Novice: 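So that we are looking at the same thing, I have put the structure below in structure tokens.
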Amino acid sequence: MNAIPAELLRIIIGLVAVAVSVGLIGLVMVWVERKVAGHIQRRPGPFEVGPSGVLQPLCDALKLVGKQLFMPNGADPILFWLAPVLSFLPVLLLFLPLPVGDGIQTLDVNLGLLLILAFSGLAVLSVLLAGWASNNKYGLLGAARGVAQAVAYEIPLLLSVLAVAFVSGSLDLAQVVKLQGTWPWNWNIMTQPLAFLIYIVSALGETNRAPFDLPEAESELTAGFHTEYSGMGFGLFFLAEYANMVVVCSVATALFLGGWHGPVLPGPVWFVLKVSALMLLMVFARWTYPRVRFDQLLVINWKWLLPLAVANLLLTAFFVKLAQFA
Amino acid sequence: MTTSQNNDHLAGDFYTQNFAKTAKDGNLILNLGPQHPSTHGVLRVVVELDGEYVMRAEPILGYLHRMHEKMAEVKTAAQFIPNMGRVDYGHALGWNWAFVGAVEKLADIEVPERAEYVRVITCELNRIASHLLWWGAYLLDLGAFTPIMYAFDDREKVLDILQIPTGSRLTYSYFRIGGVAQDLNADCIRLIRAFIPWFRSRLPMYKDLVSDNIILRKRIEGIGVIEPDACRRFGATGPVARGSGINYDVRRATPYSMYPKLDFVVPTSELKDARGRYDVRMIEMEQSLRIIEQALDLMPEGEVLVKGAPKPSWKVPKGEAYFAVEGARGKIGAYVVSDGGKNIYRTKLRAPGFCNLSLFAEVSKGTILADAVAILGSLDLIIPEIDR
Amino acid sequence: MIKQALNTMSDLWSLMVGLRVTKTYFLEPQVTVRYPWKAVSNIATYKGHLELVSAKSPGKPKCISCGMCALACPSNCLTVVKRKPPKPTPEEEQAMAEAKAKGEKPKDKTPKDPEKFLYDYTLCSLCGTCMENCPVGALAFTGSTYLAGYSRDDFHFDLVQVLKNQAGLEGVDASVAPEAGQSEA
Amino acid sequence: MEALFNGLGALYLAKCDAAKTGQVFQAFLPPGSLVRAAERLLQDKYFLEDICAVDCVEGYVVVYHFDHFEAPGRLTLRVLVPHDAPTLPSIASVFDGAEWHERETRDFHGVLFTGNPNFIPLLIDPEMADCFPLRKEEKARAKAKDMLEAGEVIFVSPAFTLMTPEAPTEVKESSGDQPATA
């Protein structure tokens, strides 16, 4: 009887902590992205509000909150407002099974990986709803793109994750991390480099980040599925994008980069460092490459990533079985 | 879409309705512009989409129409020169030159040699600035954000140089009938000399960051193929024609000013696609550097404005003249017909972008929307020039 | 097959090269000038609005009110108001009558400098035609790039007045001074 | 170059001084043979530079400028249409680019082109498309022969007086091989 409230308490505390930290991380990431983009482009980025402009995202958030919420003529009022909420809510859940440090985990479930993959699939629904309910042609095109893209990239993502699960023999993230060691050569990336590569590319596709930002390709579809959103409606999409980035990078860290393992420094610090490095890579990719075309995006997925992921999975399965016999 | 409200009042304007008449049932009619990130100003393109495929497209002009040809009628020849800087903000000096050249041809005015060289130098610098602007904006169309910042870094340097003799940074009104307004001073020449090697050193970076990038190559290779025959039928000139393998450059075809004395290559590409046009422009920037280098060495001392240059009360001699220069976007032509009054009787401005854009409807047929945007960008459009 | 694989590798490598370029610039210093705190240094050659060049005595323009500038201006932004001839004194009147009797043209004693030199900066296209057509070189561009105002009227100047104010404010940086006169248009 | 216009019923053919006017050859054509002339020019690989109209006393002189990519030299076709019925056949079926130029000419001068595939206003707002800004007032019009370059006349149809100077000196009445009059 006693155990259940304790678990519940843990989840509630975790949820609150996650909600706060997701919001915070979102804001920080907005700042980091703008600052990095600025420096790449040899300009300062935000620098006016607060030291080095750290408070700029906060001001922007305030501005977004203060803006009028506008709904276009002919839009579906329920779905239109449901979409941004739906884009943000699952992100909170995605953080639950993430092991930030040794034993620091909101929800320790033995199917944590499955939970993450299942909930991350929800994001595409919000893109679809947003585009469809906006009564806007750009939105519709963006939604169509978004769905095709998300559906396609989910498969290699899953397959690459599955390969790691084979190696670890578990779908529990904490377990997967524990099985890896302190030093880089003890990490899964050494045994599964291809899976890591596939995961990163698919993750870019899955989170609609450049160079795969087709659903919102602003030079073609103005802003794609969120063309018609103003104020916090847009703000939620925006925040969800960054939160999603954090999730995929965290999962990558846990699966491939040894999670919280690392010498000298405490676990959570290592975790944050690794996640930041991955995110920096994603930010750099965005500010370096042009956008791929839609058919190319699908070609990359179906012709390259998927066969590679399948081959990788089979090979892994083979070796894992071999190791069992040996 | 989900609710059936009466949206008849939003059903479209004259052009959309006209376009929709012949659209296939069930196709999506999409209005790109006049406010759209990739139409570079206020161009509007109505497209009929089947899924993401463009079944047909129709550019709609006139959102930036300023009736320059009427203004030419009510102003004296010299007073019209500032207008030329506003026709094409990308390559303002090319337009300066076309108009001034036409009037000089009509009035048979000989321009001092130094002025000719000054014109060549400033015009080529302006061409570099224009191509850089195109380069950056084109990559923005293709979804790369950073290149435009690097391009503008370089472009600023060109503008800094051009600011010294012209006094402005974009809408130059620098050429005069019979010469130029101001000589290049020592400071300016020093800056130009410093700019040439510096810009050359930047070009490999452009290549590394963008030209060689696999994503970009896949985006622009094989799209928007323009056959030489289409160039003829639509009157496309400049990098668009040269990208289709036509070796036509007004600087070589109908030589003017000091270009016959200068050694440069007219780049052409047999690819005929957006890549061909891209390559041609990139090489053209290098060639412009070469031209500037030579012109600086060859430039004699002397006056930059002919003695007895037209006064405000000058009457343009009777007759007609057509003068064309090679602008950054193609053949810029000015056709002037004078009845002997102060004001030119009729001025016709031939805008290269106008003809290049008219190709778009044909080239974009059957492409994906993203390609249509990439093709539109590869034509290098400056809307004020097209609308005039 | 091998060639294809190599091509694929070099294609992928091109992505790395791109990242290297952005990384390089990421670490290099910025080139942006943070405007309100710092300004670009080369505005001297930039054409700001027009001003009258003063003659030897400060505050008095070189202008001889010939009106060539207004005639040449493509956008009609200049209006030169000539001075009315001063009322002649009796002696002068007498002298004029004598001159007339002799068949000589009466000498115009009217001061040449303009009463008002109205300039509408909202119309001006900064082409410089007025300067080029001025026979005495009485017009010049200021380097006043950062001119700003609250209403259209802030850009209607009487350049004579501007010049006078400028003369009254000697010692003040010339690039700042025109603003002092702009309130009175 | 004259050979291009054989059998087209050209009204006036003349060589021009390229250094002075920027064109090497000009031809006045009757409206009826415009399309055929355009077809021949396309066959000869000319490209269309622009189309414009000049409002003269006699009517609108519609000027077609052509140039050549390989053998540069501007060729000018001119057609005279009266003020009260300014209608011409469209050459958009030959030179596709002419569609826009013709629409522009309609916007500015009100010259109509029959057979243009999409003859709607191009540059001017459709709601005020009938203002024709470049049409001149009766008094302001000048005579075509005063302005247009006569050039070195090769052929002139007897009925064609537009370009004939007051004292016709250089007009060579050619025979036989020259095109027949319209």
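If you're wondering where the values come from, they're calculated on a predicted model, not measured in any experiment. Below, read A as the first sequence line, B as the second, and so on, with proteins coming before strands; counting in each chain starts at 1.
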Novice: Most heavy-atom pairs under 4.5 angstrom with chain B, which of D/I120, D/L42, D/I124, D/D55?
Specialist: D/I120
Novice: Once you round to the nearest 0.5 Å, how far does CH2 of D/W100 lie from CG of B/L357?
Specialist: 3.5 Å
Novice: When rounded to the nearest 0.5 angstrom, what distance separates CZ in D/R103 from OG in B/S358?
Specialist: 10.5 Å
Novice: Report which part of D/E127 has an atom under 4.5 Å of a heavy atom belonging to chain B: side chain, backbone, both, or neither.
Specialist: neither
Novice: Heavy-atom distance under 4.5 Å between the side chains of B/F354 and D/E104, does that happen here?
Specialist: yes
Novice: Nearest 0.5 Å, what's the OH-CG distance between B/Y15 and D/L122?
Specialist: 7.0 Å
Novice: Contact between D/Y46 and B/R232 at the side-chain level, heavy atoms closer than 4.5 Å - yes or no?
Specialist: no
Novice: Do the non-hydrogen side-chain atoms of B/K348 and D/V54 ever get within less than 4.5 Å of each other?
Specialist: no
Novice: Which atoms of B/E73 are under 4.5 Å from chain D, going by heavy atoms: the side chain, the backbone, both sets, or neither?
Specialist: side chain
Novice: Can you tell me which portion of B/D339 sits under 4.5 Å from chain D's heavy atoms? Options are side chain, backbone, both or neither.
Specialist: both
Novice: For D/A140, which atoms come within 4.5 Å of any heavy atom of chain B: side chain, backbone, both, or neither?
Specialist: backbone
Novice: Under a 4.5 Å heavy-atom cut-off, does chain D meet the side chain of B/P317, its backbone, both or neither?
Specialist: neither
Novice: Tell me, for B/A361 versus chain D, whether the close heavy atoms (under 4.5 Å) come from the side chain, the backbone, both or neither.
Specialist: neither
Novice: For D/V63, is it the side chain, the backbone, both or neither that has a heavy atom under 4.5 Å from a heavy atom of chain B?
Specialist: side chain
Novice: I'd like to verify something: which residue of D/A71, D/A53, D/A98, D/G73 has the highest number of heavy-atom pairs under 4.5 Å with chain B?
Specialist: D/A53
Novice: How many angstroms lie between NE2 in D/H109 and CZ in B/R346, if you round to the nearest 0.5 Å?
Specialist: 4.5 Å
Novice: Do D/E70 and B/N247 get their side chains close enough for a donor-acceptor pair, meaning under 3.5 Å?
Specialist: no
Novice: So which of D/T76, D/D107, D/L48 has the biggest tally of heavy-atom pairs under 4.5 Å with chain B?
Specialist: D/L48
Novice: Using heavy-atom distances under 4.5 Å, tell me whether D/L41 contacts chain B through its side chain, its backbone, both, or neither.
Specialist: neither
Novice: Of all of B/D249, B/L64, B/L61, which one pairs up most often with chain D through heavy atoms under 4.5 Å apart?
Specialist: B/L61
Novice: For D/K45, does the NZ atom have more than 12 heavy-atom neighbours from other residues, nucleotides or ligands under 6.0 Å away?
Specialist: no
Novice: So B/K105 and D/K20, side chain to side chain contact (heavy atoms under 4.5 Å, CB included) or not? Walk me through it.
Specialist: CA-CA 6 Å; B/K105 199 170 224 182; D/K20 211 174 151 230; 5.8 Å; no
Novice: Would D/K136 and B/Y345 count as a cation-pi pair here, with the cationic atom under 6.0 angstrom from the ring centre and within 45° of the axis?
Specialist: yes
Novice: Examine D/F108 together with B/H65 and report whether their ring centres are nearer than 6.0 Å.
Specialist: yes
Novice: Given the ring of B/Y322, does D/R74 sit roughly above its face, with NZ or CZ under 6.0 Å from the centre of the six-membered ring and within 45° of the axis?
Specialist: yes
Novice: Is there side-chain contact between D/Q23 and B/E320, with at least one heavy-atom pair below 4.5 Å?
Specialist: yes
Novice: Under 4.5 Å, counting heavy-atom pairs only, tell me which of D/H68, D/R78, D/E99 racks up the most with chain B.
Specialist: D/R78
Novice: Rounded at 0.5 Å granularity, tell me how far NE2 in D/H101 sits from CZ in B/R350.
Specialist: 6.0 Å
Novice: Using side-chain heavy atoms (C-beta onward) and a distance below 4.5 Å, is D/L134 in contact with B/M67?
Specialist: yes
Novice: List the steps and the verdict of side chain to side chain contact (heavy atoms under 4.5 Å, CB included) for B/E58 and D/N118.
Specialist: CA-CA 10 Å; B/E58 185 185 328; D/N118 189 22; 3.2 Å; yes
Novice: Which bit of D/D125 is near chain B, if near means a heavy-atom gap under 4.5 Å: side chain, backbone, both or neither?
Specialist: neither
Novice: At a 4.5 Å cut-off on heavy atoms, which part of D/A92 comes close to chain B: side chain, backbone, both, or neither?
Specialist: neither
Novice: Please confirm whether the ring centroid of D/F47 lies under 6.0 Å from the ring centroid of B/F234.
Specialist: no
Novice: Does any part of the side chain of B/V336, heavy atoms only, come nearer than 4.5 Å to the side chain of D/M147, both counted from C-beta?
Specialist: no
Novice: Could you give the distance from OG1 (B/T254) to CG (D/D67), rounded to the nearest 0.5 Å?
Specialist: 6.5 Å
